Structures are given as structure tokens and as C-alpha cells.
Amino acid sequence: MDVPQRPPGSPDEGRRQARTHEDDAESASPRVERYSTARIKSSIKAFALGKAISAPLTFLLILLLAAVMPRPEYAAYVAGAAMLEIGIVLGTCGMDWFIQTSLTRINVNGSRRQLRHAIGWLNVIVIVPYLLLATGGWLFSGPLSAAMSGVVSPRVLELYALVLVIEGPTRMLRDQMLSALLRQRAVQVSQIVRTVIVLGGVLAMMAMSHEIDATHIASLEIAASIFALVIAACALIDLVLKQRSRPNASADLSAWFNRRSYRLAASAYGSFLLMMLTGTELTTALVARYLGADATAAFGFVCKLMETSRKYLPMDMFYGVLRPATIGRYEGAGRDFKVLMGDVNRMLDANLIVLAAGLTVAMAAGDMIVGLLSNHNVVSPPWLFATLLLLLIGHSVRRGIELLCYTAGQSGAYLRGAFSCLLIPPMLITLMPLVGHPHVAPLIVCVVDVIFVAIVIHALRSAGLPVHLDLSRWARLTLSMLLAGALGWLAGQALPAPAALPAAIVLSTLLFCGLVYGLKVVDVQDLNWARSLTRRGVPDKA
């Protein structure tokens, strides 16, 4: 029996052609439009709007906690939060870079069914390490408290173990999976809700004249993390449900979930464990052990200011967009290393220019700023804020090199450099009680950062990759920062108290801007590139 032929213009024929076009679009490779300039700009706008809302809320929370909590309780909160951050890093098991690279590449080159399948597996994998770590933290809360000379009680550590089991998977879902797929609106909503819940709880206790201790903050963080997890999970479920696949599409993930990918995760995890030694969490624990509660409170507050400053550096602020976008552009350009190197250099330059401006102000008026923001409840050692901000220079360069290594498939080079971090603990343990000041910690880390960068660059060049960093620009930027900061500090010291702070800030900032212009730290090409980011119709190769 013959099957009647449908006319070309019939509805069934139109649906068949639509399915054919959909299949063709799904199998097109590379699908760089998912990381096109338009999509990147849209994600950056969502990211910027979210940060514009969350930044003042986070900053207000930091100031309130330092101002209203008794100093021993604030020290306990700082130590407990440091343990939480260590646990979150330990629980990644290298999966953050695995997620970023695999999901981005599947999103560019794979099918919708493969993307859904990958998201399902990754959600199962990320939960297990945090369950194990939280259980260990709960069981060994007593020994951990004793190791920090009782600055933080076992009860606070037990509560932060509960925070860990919720906040760890939340960050993997939100900051890794959703960010890799450029779902920044959901990312920012989740973060804002978390901050609002903690801040709202603190304000409510203040309104009731309730004394706030570390257990209250930890309990608020448990509730806030639950809400943030629900929002991130709902966004991911919505994304998965919208990823409709054709019935015969492949679900095979062997092109992305293979031995090479697992080696990348193992290298990333080893590197992260070593790089933790450069962070302030270890230093905070050692300050608690060797220098006492008062020093821990001061160091913790200044670290919070430094970490807040770090989050709003250009590269860090937009990293959730820039990392998947850079990987996507690299894949779309046929893995052209010059494209990758150019993107990383631009990010580094922008980060370091903003950081140098902040360091200039910190040199000129950092101690006065710390006293003002803490309502003089925290007595900071001289120059501690400026010294801690030096850590952000190494952090910026490490982050750029990390992006370079993992995107180019050279995770082993990054791991070899990270072994230099093993120098940090013995130097800290030896020198901190000997010197008696926390300043020694960031200075040691800065020295190790130089060694780390030299090792990694040598390894990349040995692999045949033409790595180049704009050292001459960085030298001119450093000179501008030192001169402007020193002159601003002298002005602040010479003037009476009411005028000293604004004069030091204004003078150092104006001098810095003038020197940056005079020494041509920023040129016309940089300005054209910056303007291109906000101009319509910019091609993806820009």
C-alpha cells in the first residue's frame, strides 16, 4: 500500500523541517553562540546588578558584626568561619575546574541530552565529600577547638559543620554549574537571599537588644544556606527541564568524562590543597594559636575587609562570567593559545590597576579606615590593612595563571608550581611567635608567590606555550602606587585628626591617577578595548 505524499507546504512537513533544523542546530559544532559577546554581556549585566545589591549588604554585615559582638565572640566567629572556608575548599575534590571545563565544552560541542546527563551525575558527585567532611568536623570539634587554644568553642565548630554540609553543595551548584552555563541571574538571587537572611537576623537581634554570639551567627548561616540551596537547585532543575533532547540523541559523556578529565580534577585538587596555604584561613588559625583572642579579632576583621575588597576586583567580581566565557572563546577559536593569552592579560591588567588604586589608599590611610569602620572596637596593628592587601597581588596573578593552565590543558604545570606553597607553614610556625606580629604572614606568602609564578611560567614555556606577561606595565603601576601612597600617608600624618583621613584619601587618589596617566600605564588600545565591552555589535573575536 502506497503512503500518500504530503505537500511541501503542509503543517506536518513544516514540523518535520523544524525538527530537522533543531537536530542540525543541536549537532552544530562548535556552538559558540552560547558564549557569544551578547550572552557574555547579558551575564555581566546580571552579575553587576547582583553585586550592586549584595556588596553594600555584605559590607554592612561585616561592620555590624565587628561593632556589636563582644571581642571574644567575634574572634570565635572569625575562627569558625575560617574552618568553614577550609572545609569548602577541601570538599571540592577538584570538581570545580572539572565542572567548569566539562560543562562549558559540552554546552559548546555536545548535545542537550549529554548536558542533562552530565548535570545529573555532577550533582550526585559533589554532595558526598561535604557529608564526609561535615561528619569529621562534628566528631573532632573538641580537638580542633583545643588546637586553636579554645578561641572557638566545640559548639560553634559543630554548628559550622552543619553549615558546611549545606553551603558546600550550594556553592558547587551555584558558583560552578550555573555559572558555567551563564545563568548569572539565578546565581545572584541565591547569593543576595543568603546575605539578606543573615543580615536580617542580626538586625532583628540588635532591635531586641539581644547579645549576639558566635552560635547565633552560625545558626543564621545554616538557615541562610538552606534558602540559597533551594534557589540554586530550583534554577538548575528549571534549566534541565528546558533542555529537551531528541529521542535518539546520544547521552555518552566519554568525550568529556574520561581519564584525562579525572587527571585534571586530581591535579586541580592537589593544587587547591597546596594553595590553601596561601590563604588567610590557615593564618587566622595560627594567629589564634600564637597571638591570642585580641590579635585574632583584629586580624580577622582586617581579613574580612581584605576579602571584601578582593571580591570586587574586576577579575574576581566577574569571574563567574569570565571563566566560562574565556573557555568558550578558546574552544570557539579552535584552541588558539594567543586568544587565551590575550584574554588573560587583559583581565590581569584590569585587576592590578584597580588593586593598585586600593593599595595606594590603604598605604595612605589604611589604619584610620580600619578604626573608623570598626567604630574603634578593633585595634589594628599599624600598616596591617596595606600589608594584607599585598596578598591580592599574588592572588590576581595566580588566578590568571590558573585560568591559563587549566583552559590550555596544562594543569600539571600549575600543580608543580603549587608545591612551592609547602614552604609557608614551617616559615609561619617559626617566625610568627618569634616576631609577634601577623604582618609576617602576608610577606612570606608574597615571597612564595614569586617562586610559584616563576615555576609555572617555566613549565608552560617548556611545553611550547608562548606565555608573556606585561611586566613593564606592572613596574610603572607599582611606581605610581608607591609614590602616591607615600605622599598621601605623609599628608595624613601632618594634618590634624578631622582632616587627616579625607586629605590622605583624596591626595593619594589624585596623585595615583596623575601618575598612571603620566607614566602611560593605560594606553589608547586599552581604552578602546574597554569601550568595546559596552558597544553593541562587537564581534566575538574582539
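As the structure is a computational prediction, the values presented were derived from the model and not from experiment.
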K.L.:
What pair of heavy atoms forms the shortest contact from Met368 to Ala500, and how long is it?
P.N.:
SD-CB, 4.0 Å
K.L.:
Say whether, by atom type as modelled, one donor and one acceptor occur between the side chain of Ser420 and the main chain of Gly417 under 3.5 angstrom.
P.N.:
yes
K.L.:
Measure the spacing between CZ of Arg310 and CG of Leu305 and express it to the nearest 0.5 Å.
P.N.:
13.5 Å
K.L.:
Applying side chain to side chain contact (heavy atoms under 4.5 Å, CB included) to Arg183 and Met177, what does each step give before you reach the verdict?
P.N.:
CA-CA 9 Å; Arg183 296 302 193 271; Met177 296 185 199; over 6 Å; no
K.L.:
So do Leu277 and Pro425 actually touch side chain to side chain, heavy atoms under 4.5 Å?
P.N.:
yes
K.L.:
Within the distance-only criterion (no hydrogens, no angle test), does the side chain of Tyr414 pair as donor or acceptor with the backbone N or O of Leu403 below 3.5 angstrom?
P.N.:
no
K.L.:
Pair Tyr74, Asp213 - check side chain to side chain contact (heavy atoms under 4.5 Å, CB included), show working.
P.N.:
CA-CA 7 Å; Tyr74 185 75; Asp213 59 32; over 6 Å; no
K.L.:
If we ignore angles and hydrogens, is there a donor and acceptor under 3.5 Å between the side chains of Arg174 and Ser179?
P.N.:
no
K.L.:
Check for a donor-acceptor pair, side chain of Ser190 on one end and backbone N or O of Ala228 on the other, with a separation under 3.5 Å.
P.N.:
yes
K.L.:
Counting C-beta onward and ignoring hydrogens, is there a side-chain heavy-atom pair between Pro154 and Ser145 closer than 4.5 Å?
P.N.:
yes
K.L.:
Give me the atom names and distance for the closest heavy-atom approach of Val152 to Ala76.
P.N.:
CG2-O, 3.6 Å
K.L.:
Taking all atoms of both residues into account, what is the closest heavy-atom pair of Ala161 and Ala134, and its distance?
P.N.:
O-CB, 3.3 Å
K.L.:
If you take all heavy atoms of Val302 and Phe385, which pair is closest and at what distance?
P.N.:
CG1-CA, 3.6 Å
K.L.:
Scan Leu477, Leu483, Thr478 and name whichever one has a side-chain contact (heavy atoms from CB on, under 4.5 Å) with Met481.
P.N.:
Thr478
K.L.:
With heavy-atom distances below 4.5 Å as the criterion, would you say the side chains of Ile119 and Leu236 are in contact?
P.N.:
yes
K.L.:
Would you say Glu73's side chain and Ala214's backbone share a donor-acceptor pair under 3.5 angstrom?
P.N.:
yes
K.L.:
Between Ser508 and Ile505 (side chain of the first, backbone of the second, donor and acceptor by atom type, cut-off under 3.5 Å), is there such a pair?
P.N.:
yes
K.L.:
Hey, does Asp349 have a side-chain heavy atom less than 4.5 Å from the side chain of Trp474?
P.N.:
yes
K.L.:
From Leu392 CG over to Arg399 CZ, what is the distance, rounded to the nearest 0.5 angstrom?
P.N.:
11.0 Å
K.L.:
Return the CD1 to CD1 distance between Ile424 and Ile429, rounded to the nearest 0.5 Å.
P.N.:
11.5 Å
K.L.:
Decide side chain to side chain contact (heavy atoms under 4.5 Å, CB included) for Arg171 and Gln176; before the verdict, give the C-alpha distance in whole Å, the side-chain angles of both, and the deciding distance to 0.1 Å.
P.N.:
CA-CA 7 Å; Arg171 292 197 194 181; Gln176 305 306 329; over 6 Å; no
K.L.:
Could you tell me if the side chain of Met206 sits less than 4.5 Å from the side chain of Leu64, heavy atoms only?
P.N.:
yes
K.L.:
When you measure from the side chain of Arg398 to the backbone N and O of Ser396, does any donor-acceptor pair fall under 3.5 Å?
P.N.:
no
K.L.:
Just wondering, do Ile127 and Val165 contact through their side chains at under 4.5 Å, heavy atoms?
P.N.:
no
K.L.:
What I'd like to find out is whether the side chain of Phe301 reaches to under 4.5 Å of the side chain of Ile62, using heavy atoms alone.
P.N.:
yes
K.L.:
If you round to the nearest 0.5 Å, how far is CG of Leu164 from CG of Leu131?
P.N.:
9.0 Å
K.L.:
Any side-chain heavy-atom pair from Val126 and Thr92 closer than 4.5 angstrom?
P.N.:
no
K.L.:
With rounding to the nearest 0.5 Å, note down the distance linking CD1 in Ile231 to SG in Cys234.
P.N.:
8.0 Å
K.L.:
Write down the atom of Arg155, the atom of Trp138, and the distance for their closest heavy-atom approach.
P.N.:
NH1-CH2, 4.4 Å
K.L.:
Can you check side chain to side chain contact (heavy atoms under 4.5 Å, CB included) on Leu415 and Leu274, steps first, answer last?
P.N.:
CA-CA 8 Å; Leu415 178 59; Leu274 293 167; 4.1 Å; yes
K.L.:
Might you point out which heavy atoms bring Ile212 and Ile217 nearest each other, and give the distance in Å?
P.N.:
CG2-CD1, 3.7 Å
K.L.:
Would you check, one step at a time, whether the test side-chain hydrogen bond (donor to acceptor under 3.5 Å, both in side chains) holds for Tyr130 with Glu167?
P.N.:
CA-CA 9 Å; Tyr130 289 111; Glu167 182 66 12; over 6 Å; no
K.L.:
If you round to the nearest 0.5 Å, how far is CZ of Phe227 from CD1 of Ile166?
P.N.:
11.5 Å
